[in-house]
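To start, the structure itself, in structure tokens.
Below, each value reflects all heavy atoms present in this structure, side chains not excepted, and no hydrogens, waters or symmetry copies.
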Amino acid sequence: MIFLFSIGFLEVSWVDIIDILLVSILLYQVYKLMRGSVAVTIFLGVLSLYLIYLIVRAAQMELLGLILGQFMGVGVLAAIILFQPEIRKFLLLIGKTTDFNKSTGFIKNIFLWKNKEYREGYNITPIIEAAKSLGGTNTGALIVFSRDSELKFYAESGDIIDAFLSKRLLLSIFNKYSPLHDGAVIIHKGKIKAARCVLPVSESDSLPAQFGLRHRAAMGMSEVTDTVILIVSEETGQLSLTQNGKLFSNLSPQELRKMINEYLTAKPEKAEVRAETADKETANNPIGQEAKA
């Protein structure tokens with residue numbers, strides 16, 4: 001084995017450098033998944049308990065050490081139960097980016113690089129026009145755009161429709177007197193797959209208090225899936241989007257069209273830049289952001 005350099009009695013090799021880099025990438029991905037959620041608080045609590053356990057063992061407190069040791073013994077099982085949403089999202093991320101049938105290369109799969117290939121979109125004008133009409137009458141709506149998956153698990157929680165996009169159909173679904181209005185519509189490959197679908201509710205503390213259950217459900221869906229969700233507020237009629245656990249509120253129809261088309265044609269680098277810009281604007285002017293929302 002070829003050693004690069006030594007630090008005291010430690011000899012560092014190329015394998016050690018690669019090991020450290022891979023662990024750093026793994027920790028960074030875990031941080032991205034847990035950022036802004038309740039899982040961070042739970043993780044800090046588990047870490048504190050483990051540190052107390054180490055101190056108790058060092059102090060040779062046998063009884064307390066035995067009790068804490070029982071918790072540590074089922075640590076892996078407890079972590080799977082406590083962090084189930086984050087683990088599921090991490091596995092979805094790996095499954096989405098790992099495709100050996102495409103010439104993306106094994107290195108890109110390891111580093112979780114996103115596939116930036118171009119995909120053909122579809123005409124979203126009926127959706128934009130329906131959103132404008134719904135917003136004008138303060139009619140609440142949730143529309144999920146899925147690019148790669150039919151989201152069968154969530155579609156089966158509602159009523160399967162499998163119909164082509166139509167402004168009149170969307171207005172009929174979200175009509176306040178329609179039995180299908182209470183829930184989300186899932187759109188995949190230019191077709192309305194299902195209506196009245198139940199979405200997971202976000203537990204993130206980053207969502208302002210003025211947003212209700214509809215926005216929280218959209219945020220939760222964007223946290224656990226690679227989707228974009230359009231929200232029409234029932235209180236204000238404002239149009240918003242959620243993607244990757246981030247909320248973009250009070251958007252114009254032109255901004256909606258641009259962001260949805262960028263998502264459908266797989267241009268994630270622009271969405272990431274916009275998300276970083278939105279975070280900086282929120283940090284620099286939180287009062288203005290709340291007023292806008």
Side-chain angles (χ1 to χ4, degrees), residues 92 96 117-137 139-176 178-202 214-234 237-249 251-268 270-271:
L92 285 172
K96 182 185 67 176
E117 67 174 4
Y118 178 80
R119 292 180 176 87
E120 184 179 357
Y122 48 84
N123 184 20
I124 62 171
T125 299
I127 304 171
I128 302 299
E129 294 298 323
K132 290 166 58 177
S133 299
L134 292 169
T137 57
T139 303
L142 266 178
I143 302 176
V144 179
F145 297 88
S146 179
R147 183 179 58 203
D148 301 316
S149 171
E150 294 184 5
L151 301 175
K152 289 186 177 180
F153 176 78
Y154 298 102
E156 290 173 355
S157 67
D159 296 322
I160 304 298
I161 295 180
D162 199 23
F164 287 103
L165 277 175
S166 166
K167 174 184 175 181
R168 293 181 180 179
L169 179 56
L170 288 172
L171 293 178
S172 299
I173 290 174
F174 290 112
N175 185 286
K176 295 180 181 180
S178 169
L180 299 177
H181 83 281
D182 191 13
V185 161
I186 294 178
I187 296 177
H188 177 62
K189 292 185 177 180
K191 299 184 72 175
I192 300 176
K193 289 296 180 181
R196 204 176 60 84
C197 300
V198 179
L199 304 185
V201 179
S202 173
R214 183 174 284 109
H215 288 80
R216 193 164 289 276
M219 181 75 77
M221 187 67 173
S222 70
E223 290 173 349
V224 300
T225 62
D226 180 27
T227 57
V228 164
I229 300 92
L230 166 63
I231 313 108
V232 181
S233 174
E234 189 172 354
Q238 293 179 353
L239 309 179
S240 306
L241 279 182
T242 59
Q243 183 178 13
N244 295 327
K246 297 183 182 298
L247 174 66
F248 306 92
S249 60
L251 299 175
S252 66
Q254 292 76 18
E255 290 173 322
L256 278 179
R257 182 184 296 274
K258 182 179 179 181
M259 294 179 67
I260 294 172
N261 278 328
E262 285 179 357
Y263 165 76
L264 295 176
T265 53
K267 297 178 181 178
K270 292 186 178 181

Side chain to side chain, [X] and [Y], heavy atoms closer than 4.5 Å:
X    : Y    : result
V144 : V185 : no
R257 : I124 : yes
F145 : I127 : yes
N175 : L171 : no

Q243 side chain to S222 side chain, donor-acceptor N/O pair below 3.5 angstrom: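 Note: Q243 and S222 side chains miss the donor-acceptor criterion.
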Side chains of T227 and R147, donor plus acceptor under 3.5 Å: no
Test log, rule side-chain contact (heavy atoms from CB on, under 4.5 Å), inputs K167 and S133: CA-CA 9 Å; K167 174 184 175 181; S133 299; 3.5 Å; yes
With rounding to the nearest 0.5 Å, note down the distance linking [atom1] in [X] to [atom2] in [Y].
X    : Y    : atom1 : atom2 : value
N261 : Y122 : CG    : OH    : 9.0 Å
S146 : I187 : OG    : CD1   : 10.5 Å
I143 : L170 : CD1   : CG    : 5.0 Å
D148 : K189 : CG    : NZ    : 9.0 Å
E156 : C197 : CD    : SG    : 10.0 Å
M221 : Y154 : CE    : OH    : 5.5 Å

How close do [X] and [Y] get, counting heavy atoms only, and between which atoms?
X    : Y    : value
F174 : T139 : O-CG2, 3.0 Å
A217 : L142 : CB-CD1, 4.4 Å
L247 : M219 : CB-CE, 3.7 Å
L239 : A131 : CD2-O, 3.7 Å
L241 : L230 : CD2-CA, 3.6 Å
A194 : A155 : CB-O, 3.7 Å

Test: K132 and E129 ion pair at under 4.0 Å: yes
Report yes or no: does [X] contribute a side-chain atom to a donor-acceptor pair with the main-chain N or O of [Y] at less than 3.5 Å?
X    : Y    : answer
R196 : D182 : no
N244 : K246 : no
S240 : I231 : no

Steps toward salt bridge (charged side-chain N to carboxylate O under 4.0 Å, His left out) verdict (K193, D162): CA-CA 4 Å; K193 289 296 180 181; D162 199 23; 3.4 Å; yes
Over 12 foreign heavy atoms within 6.0 Å of NZ, K176: yes
side-chain contact (heavy atoms from CB on, under 4.5 Å) evaluation trace for I192 with L169: CA-CA 9 Å; I192 300 176; L169 179 56; 3.6 Å; yes
